[in-house]
Peer 1: 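Structure in structure tokens, see below.
Proteins get letters first, then strands, A, B, ... in listed order; numbering begins at 1 in each.
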Amino acid sequence: LTARYIDMPDEGLMALIAKDDHQAFAVLVERHTQRFFNTAYRYCPHVETAEDIVQDAFVKLWTKREKWDPTRGAKFTTWFTRIVTNQALDVLRKNKPEYDTDRIEMFESTNTAADEHIMHMQRAQALEQAIAALPDRQKTALNLCTYDGFSNKETAQAMDIGVKALESLLMRAKQGIKTYLMREGLLQDKAQERGLKTKVARP
Amino acid sequence: MNNNFDTVDDILKARQTPPDISKDLPAKILRAALKEKSVPHGQKRYIWLFNPRSFMALAACFALIFVVIGGGAFNFNPPGTEQNTYERKEQTTLAAIDGSEIDVLYYWEDYDL
């Protein structure tokens with residue numbers, strides 16, 4: 001691959017891809033596969049499923065390459081994140097998510113104490129379940145803002161909503177997770193805790 | 001050990017990072033993309049109805065429906081018409097035993113079944 005392709009921004013590569021340049025497509029795939037795999041994995045925490053999602057999304061990009069419109073001024077990553085997210089949500093609707101239990105065990109084995117192992121597993125599983133239980137739009141807002149490094153403005157653009165609406169979605173998502181974790185006993189209500197302490201302190 | 005997180009943000013930060021992709025995934029994607037057929041620039045796109053093959057299939061279906069339904073509806077000799085039922089009269093004169101003549105009128109009614 002020539003240095004010309006490697007140094008080129010994503011949008012420049014997309015312009016070449018629209019002219020059937022397969023080498024530009026190869027550079028784009030090499031550059032972004034891990035990033036979009038991470039995006040897909042946060043919806044479907046199963047390696048093979050997430051890889052299939054990324055593969056299907058890139059194949060779709062290649063077959064419908066003429067749909068890229070540089071005049072709209074959208075960043076490639078914002079535009080393609082929407083494709084990957086929609087693909088992942090489609091898979092989620094069709095199949096129940098599978099969890100990589102092997103990976104959770106591997107994650108646990110790095111800790112020493114047995115109770116810490118159990119706690120790590122509970123936390124990891126409870127968080128994944130809490131996020132999986134969120135409505136699609138809240139899930140997308142949370143994943144893009146918290147884990148994909150998108151700013152609120154970029155996330156709002158990717159989701160085709162206003163920034164205020166995005167902030168509302170984020171707030172509701174966090175509230176949903178909080179409620180779920182409190183029910184699981186992994187998070188305590190601080191206000192309630194303070195109230196109890198005050199009551200105890202009274203003579 | 002503190003078994004509880006302080007805030008939701010702490011929990012979100014503690015989420016596991018996704019694993020690394022398989023080394024051959026980019027190559028697999030490129031192979032899959034090359035196999036996939038795409039419409040080259042300038043090639044004519046058809047709405048499905050005007051796609052020649054869809055159009056021929058649709059025309060064949062209509063022709064079949066026409067033959068099946070039309071065959072029952074178009075009875076070329078429906079009952080009660082002139083072509084079907086006709087009456088024939090014929091008069092003849094027979095000789096009676098006593099020698100007188102008797103006029104006999106025969107009717108035929110034929111039904112073309």
Side-chain angles (χ1 to χ4, degrees), chain A residues 18-20 22 25-26 29-34 36-42 45 47-48 50-51 54-66 100 103-104 106-107 113 115-116 119-120 122-124 126-128 130-131 142 146-147 173-178 181 185-188 190, chain B residues 1-70:
Chain A
K19 291 174 188 164
D20 303 340
H22 197 260
F25 179 65
V29 169
E30 280 287 343
R31 192 182 287 176
H32 288 299
T33 303
Q34 179 70 57
F36 291 113
F37 168 81
N38 292 355
T39 303
Y41 189 84
R42 290 197 179 98
V47 174
E48 282 173 20
E51 286 189 348
V54 181
Q55 180 175 320
D56 290 348
F58 271 116
V59 169
K60 204 177 267 183
L61 182 148
W62 176 250
T63 52
K64 296 183 176 177
R65 53 193 178 274
E66 74 281 355
D100 269 342
R103 192 162 178 273
I104 290 171
M106 195 177 76
F107 176 75
D115 57 345
E116 270 188 27
M119 185 51 63
H120 270 287
Q122 281 180 341
R123 284 174 182 173
L127 181 60
E128 292 302 333
I131 293 172
L142 187 84
T146 315
Y147 303 109
K174 286 182 181 178
Q175 188 58 47
I177 292 171
K178 190 177 173 183
L181 295 173
L186 288 163
L187 191 71
Q188 281 184 354
K190 292 286 166 189
Chain B
M1 190 182 71
N2 179 18
N3 285 349
N4 296 305
F5 290 101
D6 287 336
T7 62
V8 176
D9 288 327
D10 289 341
I11 287 193
L12 292 176
K13 277 177 201 160
R15 192 179 186 189
Q16 287 183 66
T17 50
D20 290 338
I21 51 168
S22 318
K23 280 181 187 170
D24 63 339
L25 182 61
K28 216 169 114 187
I29 292 171
L30 294 176
R31 276 200 303 273
L34 276 180
K35 273 184 203 166
E36 205 64 35
K37 279 185 183 174
S38 62
V39 179
H41 292 290
Q43 186 172 323
K44 211 168 186 177
R45 284 170 182 274
Y46 294 103
I47 300 170
W48 74 268
L49 180 64
F50 300 112
N51 181 322
R53 271 196 292 181
S54 308
F55 187 79
M56 291 293 283
L58 204 65
C61 285
F62 273 117
L64 192 68
I65 291 166
F66 182 81
V67 167
V68 170
I69 297 173

Peer 1: Heavy-atom cut-off 4.5 Å, strictly under: side chain, backbone, both or neither for A:Leu61 against chain B?
Peer 2: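 Contact with chain B is absent: no heavy atom of A:Leu61 under 4.5 Å.
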
Peer 1: Give, for atom CG of A:Leu181 and atom CD1 of B:Ile11, the distance between the pair rounded to the nearest 0.5 Å.
Peer 2: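 Output value for this atom pair is 4.0 Å.
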
Peer 1: Quick check on B:Asp9 against chain A: is it the side chain, the backbone, both or neither that has a heavy atom closer than 4.5 Å?
Peer 2: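 For B:Asp9, the contact with chain A is made by the side chain alone.
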
Peer 1: At their closest point, which heavy atom of A:Ala26 faces which heavy atom of B:Leu30, and how far apart are they?
Peer 2: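 Minimum heavy-atom contact is CA-CD2, 3.6 Å.
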
Peer 1: With a 3.5 Å distance limit and no angle check, can you tell me whether A:Gln34 reaches the backbone of B:Pro19 through a side-chain donor-acceptor pair?
Peer 2: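 Yes, the answer is positive, given that a donor and an acceptor are paired below the 3.5 Å cut-off.
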
Peer 1: Would a 4.5 Å heavy-atom cut-off, applied to side chains only, mark B:Gln16 and A:Leu127 as touching?
Peer 2: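 The answer is no, as the side chains (C-beta and beyond) never meet within the 4.5 Å cut-off.
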
Peer 1: Of the non-hydrogen atoms in A:Val59 and B:Ile29, which two are nearest, and what is the gap between them?
Peer 2: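 Nearest pair, atom of A:Val59 first, then B:Ile29: CG2-O, 4.3 Å.
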
Peer 1: Does any N or O in the side chain of B:Arg15 come within less than 3.5 Å of the main-chain N or O of A:Arg42, such that one atom is a donor and the other an acceptor?
Peer 2: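 Side chain of B:Arg15 to backbone of A:Arg42: a pair is present.
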
Peer 1: Should A:Val54 and B:Ile21 count as side-chain neighbours, where that means a heavy-atom distance under 4.5 Å?
Peer 2: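 When only atoms from C-beta onward are counted, B:Ile21 and A:Val54 do not touch, as no gap falls below 4.5 Å.
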
Peer 1: Using non-hydrogen atoms only, which part of A:His22 is less than 4.5 Å away from chain B: side chain, backbone, both, or neither?
Peer 2: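 Just the side chain, heavy atoms under 4.5 Å.
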
Peer 1: Any side-chain to backbone donor/acceptor pair from A:Glu51 onto B:Leu25? Under 3.5 Å, distance only.
Peer 2: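 Not a single qualifying donor-acceptor pair exists.
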
Peer 1: So which atom in B:Pro18 and which in A:Phe37 form the shortest heavy-atom distance, rounded to 0.1 Å?
Peer 2: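 Scanning both residues, the minimum pair turns out to be CB-CE2, 4.4 Å.
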
Peer 1: Between A:Tyr41 (side chain) and B:Thr17 (backbone), is there a donor-acceptor pair under 3.5 Å?
Peer 2: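 Pair absent, no side-chain N/O of A:Tyr41 close to backbone of B:Thr17.
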
